[in-house]
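Beneath this line is the structure, given in structure tokens, with notes to follow.
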Protein chains: 2
Amino acid sequence: MANLGIKDIAALANVSPATVSRVFSAPDMVSKKTLNKVKKVIDEVGYRPNRMGASLRTRKSGNIVAIIPDITNPVNAGIIRAIEQGAQSAGYSVLLGDTQGLEEREQHYADLVSHGQADGILLFCSRIPFKTDPNKSLLEQLPPMVNGNERIDSDEVVQVAVDNVAAAKSAIDYLISLGHKRIAAITGPDDIASSNERLEGYQLALKEAGIELDSALQLEGDYVVESGMDCASQLLLLPQRPTAIFCFNDDMAIGVMKFLQKQGFVVPDDISVMGFDDINYAKYVTPSLTTVHQPLNEIGSTCIELLLKQLKGQVVEPGRRYLPFELKLRGSTGKAPK
Amino acid sequence: MANLGIKDIAALANVSPATVSRVFSAPDMVSKKTLNKVKKVIDEVGYRPNRMGASLRTRKSGNIVAIIPDITNPVNAGIIRAIEQGAQSAGYSVLLGDTQGLEEREQHYADLVSHGQADGILLFCSRIPFKTDPNKSLLEQLPPMVNGNERIDSDEVVQVAVDNVAAAKSAIDYLISLGHKRIAAITGPDDIASSNERLEGYQLALKEAGIELDSALQLEGDYVVESGMDCASQLLLLPQRPTAIFCFNDDMAIGVMKFLQKQGFVVPDDISVMGFDDINYAKYVTPSLTTVHQPLNEIGSTCIELLLKQLKGQVVEPGRRYLPFELKLRGSTGKAPK
DNA sequence: CTGAAAGCGCTTACAG
DNA sequence: CTGAAAGCGCTTACAG
């Protein structure tokens, strides 16, 4: 396991380092005979080209960095898995940037690009993690980047997501079609763009149906199960309880159901509960959770594909690309009680 | 955003590149005055040292690679999150190697070390992803590495995990204490070391209690919910049904419960169900799942800590380190029916 | 406290 | 089809 370099291989094979390099990067340019000779040496000594040397020279690290709030969230994990596959088969490795929602960490990971440690960014949050010069167009200041799932408020960024407004609207439309009129919403944190979009869809649907908005029915959660429980308890204390609760993610919906059941309510007979995401466990809670399915695989693969294109130097039109969501009707929603 | 290098900064600040380098790596060696002068220039032009240059020179990439079967599995995700935190605060970045259980991918990611793209390996599977020379000791052929969660059959590897034998045994002991005698086991795939260890614990507990092993009660699953359902259906077809089912992970336990309930059985009155892992959702299924808790955070942080030590050149004693498991008694287990 | 110089391991026009 | 040479951006003994 000595540490042989390209020069050593060249010497052993009686060729120049340039030729050894070509054996890897452009074998067609090397004569069959030389190729075999060099390959034999490489095999014998187990030579592995040092990527750092190549990276320094080509100014390409071969890495991309994925910046996500929390890998523990099944939505993120599903997306990351797809990204990893796509990156791998294109010869890229992915650096995991789990930020726990902290802006400084988002910046830390985005900085990997300016330090040459990564060639592009997959960004799953709603801030641009750079200091940008407002006098210049964003586009020319940005490294190769795709913003997934979340929404950055700029037309100059390549974005991939579900249409959260439409998705939330269709969820509420469905509840309305079941006769519900008092429909509560448990949102995510209000600095999360996708949550605000879902809220927009919720309000839009109610307005269109001529149902007045009631701010008491609009609670801010933080996307964890416990927060669903808390909000459910607040909702039950209301003089006029909701007959349906739309949660902006499945975890909170699971919390809501758990709390309602603990209090002796029957879901969906007394109160309907609806989630968002369609995580794997949504099917397996009792009753099974009606929710909005997000195509995690497709989101991930589209993101990496668009980033890879940029990395190849192709032009990728900035702007949003919507992927289809799907309403999954299951057991947690039902007709509004009389 | 021009691409200035260390030489440019040196020129602008009227110092040598060596001094600029020291401003980052050894500021104590630089006089206050020079330090400020250089820092000012760095700030003004927004200089970011190129990591590839440094890496090539120091032969340290600053990356570690985490090799895991599936990031979508909550157990892995929890561990990875802890790893990421530890790595980050030590100045390392983590490359995500999601292998989908494929040996070739394990090797691909392990190879990043021989290519200088990573300095160490966190390995969460039960194969050594290198060609090793059986004549030499493993120890001297291995890069800095920690084997987490899974078990590689060698005393020369640093390993961190729960004692799966003891954990499974204590789970079964508990079921036995509830009066169960026909206890089924739904294992993981038989090439997974931790699954085999759990099986060992299961068998040990039964033997100690003088209960004869019944191979009909021992089914191989593959750790997904659907596989729990399949196995449950096989178990129900048995002339002598089990009164308790121990699943080697929570996902399969969730599948088992779902299937039993669909068939009209009451958990735990008719049949008790026990899981392993204590994923977040274990608390929230109905009934809540009795299971063996694994300390994901601690597993992850211990792994990264031990790797970091090796990376610093400290000697880490090879061998296994056990982290404490904990039986979580919840609603899915109860007294054996008469 | 500071600088000149060598070199980490590659790749790539360029010339032949 | 092949090689000599320059250089990517750093760091680090060494000397002063």
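A, B, ... follow the sequence lines: proteins, then strands. Residue 1 opens every chain.
- Counting non-hydrogen atoms under 4.0 angstrom, Asp28(A) reaches the backbone sugars and phosphates but no base.
- Judged by distance alone, with hydrogens and angles left aside, the side-chain atoms of Ser126(A) form no donor-acceptor pair with the main-chain N or O of Ile192(A) at under 3.5 Å.
- Closest heavy-atom contact between Leu296(B) and Pro74(B): CD1-O, 3.8 Å.
- For Gln314(B), the CD atom counts as densely surrounded, since its 6.0 Å shell holds more than 12 non-hydrogen atoms of other residues, nucleotides or ligands.
- Between Tyr47(B) and Ser16(A), the residue anchored closer to the 5' end of DNA chain D is Ser16(A), taking for each the nucleotide with the nearest heavy atom.
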One pair to check against side chain to side chain contact (heavy atoms under 4.5 Å, CB included): Arg127(A) and Cys125(A). What are the steps and the verdict?
CA-CA 6 Å; Arg127(A) 286 177 283 239; Cys125(A) 42; 5.6 Å; no
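- The environment of CG in Asp155(A) is sparse: at most 12 heavy-atom neighbours from other residues, nucleotides or ligands sit within 6.0 Å.
- Listed nucleotides: dC8(D), dT2(D), dT2(C). Nearest to the side chain of Met29(B): dT2(C).
- No more than 12 heavy-atom neighbours from other residues, nucleotides or ligands sit within 6.0 angstrom of CG on Asp153(A).
- Atom-to-atom, NE2 of His115(B) to C1' of dC10(C) comes out at 14 Å; the value is rounded to the nearest Å.
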Can you check side chain to side chain contact (heavy atoms under 4.5 Å, CB included) on Leu142(A) and Met145(A), steps first, answer last?
CA-CA 7 Å; Leu142(A) 249 34; Met145(A) 182 173 100; 4.2 Å; yes
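- Residues from residues 31-40 of chain B lying near DNA chain C, meaning a heavy-atom separation below 4.0 Å, are Ser31(B), Thr34(B) in numerical order.
- Nearest-nucleotide mapping onto DNA chain C: of Val30(B) and Leu56(B), the residue sitting toward the 5' end is Val30(B).
- Protein atom CZ of Arg59(A) is 11 Å distant from nucleotide atom C1' of dG7(D), rounded to whole Å.
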Side chain to side chain donor-acceptor pair (under 3.5 Å) evaluation trace for Ser194(A) with Glu150(A)
CA-CA 6 Å; Ser194(A) 58; Glu150(A) 276 308 330; 2.6 Å; yes
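- Dense packing is recorded around NZ of Lys37(B), with more than 12 heavy atoms of other residues, nucleotides or ligands lying under 6.0 Å away.
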Gln88(B) and Val94(B): CA distance, side-chain angles, deciding distance, side chain to side chain contact (heavy atoms under 4.5 Å, CB included) verdict:
CA-CA 8 Å; Gln88(B) 225 232 157; Val94(B) 359; over 6 Å; no
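- Counting to the nearest Å, the P atom of dG9(C) and the CZ atom of Phe24(A) are 15 Å from each other.
- Between the CG atom of Leu4(B) and the C1' atom of dC8(D) there is a distance of 15 Å, given to the nearest Å.
- Using C1' as the reference atom, dT12(D) and dG16(D) are 16 Å apart when rounded to the nearest Å.
- Rounding to whole angstrom units, NZ of residue Lys7(A) and P of dG3(D) are separated by 16 Å.
- Using a 4.0 Å heavy-atom cutoff across all strands shown, Met52(A) reaches no nucleic acid atom at all.
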Take Ile68(A) and Leu96(A) through the side chain to side chain contact (heavy atoms under 4.5 Å, CB included) test and state the conclusion after the steps.
CA-CA 8 Å; Ile68(A) 53 162; Leu96(A) 181 65; 4.0 Å; yes
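- Computed from coordinates, the Arg48(A) CZ to dC10(C) C1' distance equals 17 Å when rounded to whole Å.
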State the dot-bracket string of DNA chain C. Criteria: Watson-Crick or G-U wobble, both atom distances under 3.5 angstrom; notation: ( ) intrastrand, [ ] crossing earlier pairs, | interstrand, . unpaired.
|||.||||||||.|||
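- When all heavy atoms are compared, the tightest approach of Asp70(B) to Asn76(B) is O-ND2, 2.8 Å.
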Close N or O pairs between protein and nucleotides 12-16 of chain C (under 3.5 Å):
from: dT12(C); atom 1: O4'; to: Arg57(A); atom 2: NH2; distance (Å): 3.3
from: dA13(C); atom 1: N6; to: Arg22(A); atom 2: NH2; distance (Å): 3.3

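- Distance Asn14(A) CG to dG3(D) C1': 13 Å, rounded to the nearest Å.
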